[in-house]
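This report refers to the structure that appears directly beneath it.
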There are 2 protein chains.
Amino acid sequence: MARTTGSDGERTEAAVREAAVNLIARYGYEAMSMRQLAAEVGVQAAALYRYFPTKEDLLFTLMREHMEGLREAWERARPFDADPAEQLAAYVRNHIAFHIGRRHATHVSNMELRSLSPDRLTQILKQRTAYEKELRTILREGAEAGDFSIEDTGLTAMALIQMMTGVIVWFRPGERLSVTEVTATYLSMTMRLVGARMDTYSAARPLDGQRTQ
Amino acid sequence: MARTTGSDGERTEAAVREAAVNLIARYGYEAMSMRQLAAEVGVQAAALYRYFPTKEDLLFTLMREHMEGLREAWERARPFDADPAEQLAAYVRNHIAFHIGRRHATHVSNMELRSLSPDRLTQILKQRTAYEKELRTILREGAEAGDFSIEDTGLTAMALIQMMTGVIVWFRPGERLSVTEVTATYLSMTMRLVGARMDTYSAARPLDGQRTQ
DNA sequence: GAATTAATTGAACGTTCGTTTTATTATCGT
DNA sequence: ACGATAATAAAACGAACGTTCAATTAATTC
């Protein structure tokens, strides 16, 4: 009826995060109860409050770290001194790989925004906007260089991001298509969508090894 | 403390539906309480149960009728005896017009699926799959006729639908772009995405009056 | 104008929710 | 071995939840 043998704060907190992502992704933030989460971790509900002061703090932490992870992944994957088409390709590859690898966390970050308080919502949206701006910049530079033919940069960026993020809705690992195949197809769809001149990324050459992460 | 003067079942039920769509879209199904909904309608919570036996029945009704409306709209907009490109254009126009016109209902139908019981979830998904299959058919026939060049019909259909439905996330009526402009741009993006041969739907000819609904 | 039906209220039911408080035990540093 | 601290359990809090029920009044029917 108190501290249990072998209990460890770090391990418990990690277990709480993981269980929370899965439960929120499956049932939704409002539908997941703190008791349900505690039971999944194998602990009493009161113990959760040692790590997260409120339920919303838990949600916010998950979202913020997800967005930070996304930006960090892009910082690492981003190719400098590359033409717009290559930068766009890197963006697409990174986006799809990251989101397929963290399907549940992405679901949470996309679906539970309305459960955040106004300031926290603003923080997350700021992170998201900054990430999306990178894509708009690539598209604009590509259009200015004559590599892409785009009617509306902002609208195209939104269309692309929704198309790519949508992968997590239907993609299931181990089914008909592999991550590599899906990425290759999305890459060629993207290049056609932005009117990239060359057919470098068509079906004929689906993968070119470099930076598939 | 009983029936109020001027009360009318049909009007009340319609008011409940409308308020429910708006509240669920804004706060989420779980977060919306029956008392909150009743207050929005100007009625006591108990009165709601004259029209919908449970909260989930209300949600299911909203979703089912939204999906039925989508299919009916497509039945009316669908052009027979048209080439694949024209059929695809009609599909895109109808999809965007319908979803922009019912942003809140679309949000509900897309976000609250997990709050349905298993059988009802199956029913809604069946309707959705049937609607999506129409797009796949158009894509396949266009690809077979050589009008489109598509790598994977199913994957392309999903990508297109997510791209189009994503409009409701950022589109706000009366802002920078009009529905007509957005539709035209999405149309040309779609045609490029599927590798349509002709440039009929490019920026040079964004609108051709016919069937803009 | 009386009887019937439609529409709603107000109060209550039991349950579950997020959270707090207090006590208790394990672990760690010395 | 012992004091300090970390980690948890157990119980309880008030509030809110979906839903039900009986009572009451407006509208309709005959």
Side-chain angles (χ1 to χ4, degrees), chain A residues 1-24 26-63 108 112 114-118 120, chain B residues 1-24 26-63 108 112 114-118 120:
Chain A
M1 355 179 148
R3 178 166 191 171
T4 55
T5 68
S7 60
D8 176 341
E10 281 193 37
R11 274 214 317 275
T12 302
E13 180 172 349
V16 169
R17 286 167 191 259
E18 188 186 331
V21 167
N22 292 333
L23 287 179
I24 296 175
R26 178 146 42 204
Y27 302 110
Y29 168 76
E30 298 279 355
M32 177 199 74
S33 75
M34 295 299 270
R35 286 173 178 84
Q36 183 185 6
L37 172 58
E40 191 81 6
V41 177
V43 100
Q44 289 297 316
L48 303 175
Y49 288 83
R50 168 164 266 275
Y51 307 100
F52 301 96
T54 69
K55 191 185 179 186
E56 198 207 309
D57 278 285
L58 169 57
L59 175 65
F60 178 64
T61 300
L62 296 177
M63 287 187 170
V108 172
E112 309 294 351
R114 59 190 167 199
S115 295
L116 291 176
S117 69
R120 289 175 159 175
Chain B
M1 1 175 142
R3 178 165 192 171
T4 56
T5 70
S7 61
D8 177 341
E10 280 192 36
R11 277 213 315 274
T12 302
E13 181 172 348
V16 170
R17 287 167 190 258
E18 189 186 331
V21 166
N22 292 333
L23 287 178
I24 297 175
R26 178 144 43 203
Y27 303 110
Y29 168 77
E30 298 279 355
M32 177 200 74
S33 76
M34 295 300 269
R35 286 174 178 83
Q36 183 184 7
L37 172 58
E40 190 81 7
V41 177
V43 101
Q44 290 297 316
L48 303 175
Y49 290 82
R50 169 165 265 274
Y51 307 100
F52 301 97
T54 69
K55 190 185 180 186
E56 197 207 311
D57 278 284
L58 169 58
L59 175 65
F60 177 63
T61 300
L62 296 177
M63 287 187 170
V108 172
E112 308 295 350
R114 59 190 165 200
S115 295
L116 292 176
S117 68
R120 289 176 159 173

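So that the names make sense, note that chain A is the first sequence line, chain B the second, and so on, each numbered from 1. The structure presented is a predicted model; accordingly, all values stated were derived computationally and were not measured. Side-chain atoms are counted along with the backbone in the values below, which use heavy atoms only and exclude waters and symmetry mates.
The shortest distance between the side-chain N/O atoms of Arg3(B) and the OP1/OP2 oxygens of dT24(D) is not below 4.0 Å. Proximity of Ser33(A) to the phosphate of dC17(C): a side-chain N or O atom is located under 4.0 Å from OP1 or OP2. The side chain of Gln44(A) places no N or O atom within less than 4.0 Å of a non-bridging phosphate oxygen (OP1 or OP2) of dT8(D).
Residue-level contact check: Tyr51(B) touches the backbone only, with heavy atoms under 4.0 Å from sugar-phosphate atoms and none from bases.
The side chain of Tyr49(B) lies closest to dT19(D), out of dT19(D), dT8(C), dA11(D). Checking dA10(D), dT20(D), dT8(C) against the side-chain heavy atoms of Arg50(B) singles out dT8(C) as nearest. When the nucleotides dG18(D), dT8(D), dT8(C) are ranked by their closest atom to the side chain of Thr12(B), dT8(C) comes out on top. Picking from dC17(C), dT8(C), dC17(D) the nucleotide with the shortest atom distance to the side chain of Arg35(A) gives dC17(C). Taking only side-chain atoms of Val43(B), from C-beta outward, the nucleotide of dT19(C), dT20(C), dT9(C) with the closest atom is dT9(C). When each of dT19(C), dA9(D), dA12(C) is scored by its nearest atom to the side-chain atoms of Lys55(A), the top-ranked nucleotide is dT19(C). Nearest to the side chain of Ala2(B), among dT24(D), dT19(D), dT8(D), sits dT24(D).
In this structure, Glu13(B) places its CD atom 14 Å from C1' of dA6(C), rounding to the nearest Å. The interatomic distance linking Met32(B) (CE) with dT19(D) (P) rounds to 10 Å, in whole Å. Rounded to an integer number of Å, the gap from Leu37(A) CG to dC17(C) P is 12 Å. Atom pair Glu30(B):CD and dC17(D):C1' shows a separation of 11 Å (rounding to whole Å applied). The CZ atom of Phe52(A) sits 16 Å away from the C1' atom of dG18(C) (whole-angstrom rounding). Atom CD of Glu56(A) and atom C1' of dT19(C) are 14 Å apart (whole Å).
Nearest-nucleotide positions on DNA chain D place Ala45(B) closer to the 5' end than the other of Thr4(B) and Ala45(B). Comparing Met34(A) and Leu48(B) by the nucleotide of DNA chain C that holds the closest heavy atom to each, the one mapping nearer the 5' end is Leu48(B). Nearest-nucleotide mapping onto DNA chain C: of Pro53(A) and Gln36(A), the residue sitting toward the 5' end is Gln36(A). Both Thr5(B) and Ala46(B) lie close to DNA chain D; mapped to their nearest nucleotides by heavy-atom distance, the more 5′-ward contact belongs to Ala46(B).
Although no hydrogens or angles enter the test, the distance criterion places a donor-acceptor pair under 3.5 Å between the side chain of Tyr29(A) and the main chain of Glu56(A).
Residue Met32(B) comes nearest to Ile24(B) through the heavy atom pair SD-CG1, 3.7 Å, listed as atom of the first residue, atom of the second, then distance. The two atoms that bring Leu37(B) and Ala20(B) nearest to each other are CD1-N, 3.5 Å, heavy atoms only. The shortest heavy-atom contact between Arg114(B) and Arg26(A) is CD-O, 3.6 Å. Closest of all the heavy-atom pairs between Arg35(B) and Ala45(B) is CG-CB, 4.0 Å. The two residues Val16(A) and Val41(A) come nearest to each other via the heavy atoms CA-CG2, 3.8 Å. When every heavy atom of Ser115(A) is checked against every heavy atom of Glu30(A), the shortest pair comes out as OG-OE2, 3.7 Å.
Between Glu112(B) and Lys55(B), none of the side-chain N atoms (NZ, or NE/NH1/NH2) sits under 4.0 Å from a carboxylate O, so this pair counts as no salt bridge.
End-to-end axis angle for the helix from dG1(C)-dC30(D) to dT30(C)-dA1(D), using five pairs per end and rounding to 10°, comes out at 20°.
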